[in-house]
Amino acid sequence: MEKSQAYLRIQELRGIIEEANRLYYKENAPTLSDYEFDMLLKELEKLEKENPEYAAADSPTAKVGSDLRKEFDQYPHRYPMLSLGNTYDISEVQAFADRVAKGIGDSFTYSCELKFDGTAICLTYRDGKLFRALTRGDGTVGDDVTRNVKHISNIPQELECPAGFVPGDGRRQPWPKEFEIRGEIYMPWAAFDRLNEERVKDEEQPFANPRNAASGSLKLIDSRMVAERGLECTLYHMLGEDLPFRTHQEALEAASEWGLPVSDKRRICSNINEIEEFINYWDTERKNLPYATDGIVIKVNELPYQAQLGYTAKAPRWAVAYKFKAEQALTKLLSIDYQVGRTGAVTPVANLEPVQLSGTVVKRASLHNADQMEILDIHIGDYVYVEKGGEIIPKITGVELSKRGTDVVLPHFPEKCPDCGTTLVKDEEEAKSFCPNSTGCPTQIKGRLVHFLSRKAMNVIAGDATIEQLFNKALVWNVADFYELTKEHLLMLDGWKDKSAERFLKSISESRKVPFERVLYALGIRYVGETTAKSVARHFGDIDAIAGASVETLLEVEDVGQVIADSIWEYFNDQANMEIVRRLKDAGLQFAVKGEDVELSDKLKGMTIVISGNFSISRDQMKALITAHGGKNSGSISGKTAFLLAGEKAGPEKLKKAEGLGIRVIGEQEFLQEIIGTASEKNTKGPAAKEAPNDSASNETKDHNEEFTGTLF
Ligand SMILES: [Zn+2]
């Protein structure tokens, strides 16, 4: 490329990337797929490297760079982060008090505090400035999430000078030179509900509870997204060498004066009766709090006594957690609706007499399936217990039989689809009933049409009402029909004029450029979400390869298990689906991963490569790099694997398997320099204090499933 051409292309790329960034982060309306974005960025990086005279400090390659890195550094905890012993009964709190008194006599007090339901954090302040934020990790070593924590608005990056403190000659500070303060990052109910609503709309799995949402959000790779999640922090335990405090209370008061967030919902108690009073008060009152709490923490207040009592291997002897029972409400079941979803699943939904629960009024609750209804022995007219879990609508957990009247009615789960009348089939594994009439059931058809046009799929601007009309007027029956709509058709819709019709057709026309992975997602194959569609598309490259793949071959794709593989295979072995795909192909949609403009070399041609662990670029970028050099990615090691590209924290299983099969293991440096012949510019990393036990590709998914028991501090 000539210099002048390179210069123009660099300018153009910077413009495109900056605009894409702005739309993605500020408007929340991405215009490029991750893959497209990464490829453009890569092209820009390459051009800037070849033409160093055009490099600029404000280029997106310099600015966004760090935000694209997928790893967190790990650091050891100065003091181990242990868990707390849990109790569910006041008599166990009494037993704790007795044990303490036996150790230190009876001239001490308790600090009672709310137990926030979040994820543990350890902040270190040095010279009054936030130095580092570590997650609990395994208690000994934590993930460095400092960058993300800086986006949590109530965590000060610099401490305040307390009132009355006169800064002297600059050598004396109002705070200890260095100290740690531990607490909880949590997501208030309002932010949690908003996030889950958004996720459900995007067909992503909602977070099970605010704790999982908080921990997933804290581990987001892109710290700018953390800011949007509305996380908050509460701190409750200060640690350091020679802290000038006699009691825990004094330490918290000082922290509060320095501008650190400390909950004021705490009380000093001198005996078990006062503790019980505090527990009982908050067991009711917490329902009015804007965040989730799951208990009360009771600590010995005097620091010398804490030191005297010490620790067991697992927990401190000077503190205990009393856990509340899950929050419930009792209300009357008025009726049950049976709803058909996009995939044909029929779900019973209970209509309730409105009742207050976790700060919201609940009118509807999920009953999951017929089995669940039977287990609960639920009757219309019963009084039922409702709990708020992760679902948008709460669930019914029990029936209060003592309140059952004589006029209750046993509900019957329908045998036929409430929408189209087809006899339902039961999926034994999932205990769910499905309407099998996927091509003729109106709700399912409309659901698929809505999904196809949605933002993360084909991104065509159309409201549900428009789709309803198109369907009711028999203009659109399946997704391929969208591409045969004319202006005349659209003018048949109520209230549609030239302008709206043209806008819609333009949007439809533009969707022809939507990359293959999103088209694959748009098809609405059961269990194939955004991420799965992406990995399947990249693995196979085009639709014909996917349609022709056996279940076994499908299982080779990273993140694809038996259920997904079966579902994909079934989809493409249905003639009706293949006909839709054929028509969409004719309509000009993208059915192959675009490789031609990113092909860098054919050095990896014919090679199947497995990657594992973390690299200086993201795993997706690494995979794209392999594809760009003609190689093929695979999720599992077999005799056909050319080599295993192992980054930091590569999965031990994979390493073992590679060794067993005599397959070469190559590191990132070697790969970049010797195999594809580009030098890596970034190879500096913080001290990885400890090897993670397995492939830590997706921090968020893992945290999502992780169940912590007990308070971590
Ligand atoms: Zn039906």
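Atoms within a ligand are numbered from 1 in the order they appear, just like the ligands themselves.
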A.B. asks: Quick one: closest heavy-atom pair of M187 and P210, and the distance?
C.D. replies: O-CB, 3.7 Å
A.B. asks: What pairs of donor and acceptor atoms, side-chain ones from residues 494-504 against any protein atom, are under 3.5 angstrom apart with sequence neighbours left out?
C.D. replies:
unit_1 : atom_1 : unit_2 : atom_2 : d
S500   : OG     : K497   : N      : 3.0
S500   : OG     : K497   : O      : 3.0
E502   : OE2    : K487   : NZ     : 2.8

A.B. asks: Which pairs of donor and acceptor atoms, one on a side chain in residues 548-556, lie under 3.5 Å apart (sequence neighbours left out)?
C.D. replies:
unit_1 : atom_1 : unit_2 : atom_2 : d
S550   : OG     : T553   : N      : 3.1
S550   : OG     : T553   : OG1    : 2.6

A.B. asks: Could you pull out all donor-acceptor pairs under 3.5 Å where a side-chain atom in residues 473-480 meets a protein atom, sequence neighbours excluded?
C.D. replies:
unit_1 : atom_1 : unit_2 : atom_2 : d
N478   : OD1    : A480   : N      : 2.9

A.B. asks: Which atom pair, heavy atoms only, marks the closest approach of Y186 to D117?
C.D. replies: CB-O, 4.2 Å
A.B. asks: So N351 and R364, side-chain hydrogen bond (donor to acceptor under 3.5 Å, both in side chains) or not? Walk me through it.
C.D. replies: CA-CA 5 Å; N351 293 306; R364 286 159 74 74; 2.9 Å; yes
A.B. asks: Leaving waters out, which protein N, O or S atoms fall under 2.8 Å from the Zn ion (ligand 1)?
C.D. replies: C417 SG, C420 SG, C435 SG, C441 SG
